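What follows is one structure encoded as structure tokens, with my remarks underneath.
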Amino acid sequence: MAQTAPQPFGIDFGGTGIKGAPVDLDAGAFAAERVRIKTPDPSTPERVAEVFVDLLAQFPDCTGAVGVTVPGVVRHGVVRSAANIHKSWLGTDADRLFTEATGREVHVVNDADAAGFAEVRYGAAKGRSGLVIVTTLGTGIGSAMVHDGVLVPNSELGHLEIDGHDAETRAANSAREREDLSWERWAKRLTTYYRTLERLFSPELFVVGGGVSKNSDEFLPLLDLDTEIIPAALLNKAGVVGAALYASEGGG
Ligand code: BGC
């Protein structure tokens, strides 16, 4: 009888909550109800590791690899940027720290890369070839570039400099909230942003994720672009599912 690999576990580490669930890789869905624990303050890697231990202890039957999203650049398990997280993450070998703390095989991945990978495998961009750019509009702007199903990690397109500004400071959902922008005014900024991506990369498709994508009817029709742009399908599941998928494939 064919041996089936143990189910992987996905953890989505965010500014307010740390969410985790075992993931069914055939379905691209949670295999058990997701658990959410408040993010510790300050959210240093060591304190976050303690939360992961508690979280995993709630799923003793799930023994596979663990994937963890981090909102920063991750190379070979080491966190290389910390735009919107505690600065103590910089230079942390997160794969090693979390593997030692939990006794499990842990692979850390950029949050947008995890979400983008899941959208291409199971969600809005399933079956699409060529270059798909998935962006997450939240506190910052995250990006994932996936070409013919293969993830090119750490693209960090939220930090493109446009008109002298770090793009995410003008076009992220946090900028819309902070400046109380109407959907129309925000859509103008998004048009400038996505037109820049079009010029640089000529993608086949844009997928828009992040919490605000549930309101995509309010702003996507207002964008003036040449490229097809659609909302994400997995919404708040994308991080957990994508992290588990990434870990199950051995990380990067
Ligand atoms: C970070 C990215 C992250 C994005 C979304 C940006 O500020 O540089 O690594 O993917 O925010 O959280």
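In listed order, ligands and their atoms are each counted from 1. As the structure is a computational prediction, the values presented were derived from the model and not from experiment.
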* Scan side-chain atoms only and decide if S143 and S155 contain a donor-acceptor pair under the 3.5 Å cut-off. => yes

* Asked: From R34 CZ over to K19 NZ, what is the distance, rounded to the nearest 0.5 angstrom?
  -> 5.5 Å

* Asked: Which residue and non-hydrogen atom of the protein lie closest to atom 12 (O) of ligand 1, and at what distance in Å?
  -> D111 OD2, 2.6 Å

* Considering only heavy atoms of H159, which atoms of ligand 1 have at least one such atom less than 4.0 Å away? -> 1 (C), 6 (C), 7 (O), 8 (O)

* To do: Could you check which of G158, G142, S155, G210 puts a non-hydrogen atom nearest to atom 4 (C) of ligand 1?
  => G142

* For ligand 1, which atoms have a heavy atom of N84 less than 4.0 angstrom away? -> 7 (O), 11 (O)

* **salt bridge (Lys or Arg N to Asp or Glu O under 4.0 Å) partners of residues 122-141, not counting sequence neighbours, each pair once** => R128-E228

* To do: Decide whether the shortest distance between a heavy atom of I141 and an atom of ligand 1 is less than 4.0 Å.
  => yes

* Asked: Which residue supplies the protein heavy atom nearest to atom 9 (O) of ligand 1, what is that atom called, and how far is it?
  -> E156 OE2, 2.5 Å

* Asked: Does S81 reach ligand 1 with a nitrogen or oxygen that is under 3.5 Å from one of the ligand's nitrogen or oxygen atoms?
  -> no

* Any idea which protein heavy atom is nearest atom 7 (O) of ligand 1, and the distance to it? -> E168 OE1, 2.9 Å

* For ligand 1, does A83 get within less than 4.0 Å through its side chain, its backbone, both, or neither, judged by non-hydrogen atoms? -> side chain

* Could you list which atoms of ligand 1 come closer than 4.0 Å to a heavy atom of N110? => 2 (C), 3 (C), 9 (O), 10 (O)

* Structure fact -> Those residues at least two apart in sequence (or on a different chain) that pass side chain to side chain contact (heavy atoms under 4.5 Å, CB included) with S202 are none

* **Name of the residue among F30, F52, F9 meeting ring-ring contact (aromatic ring centres under 6.0 Å, His included) with F59** => F9

* Taking the six-membered ring for Trp and the single ring otherwise, decide whether the centroids of W89 and F13 are under 6.0 Å apart. => yes

* Is it true that the side chains of T69 and D12 contain a donor and an acceptor less than 3.5 Å apart? -> yes

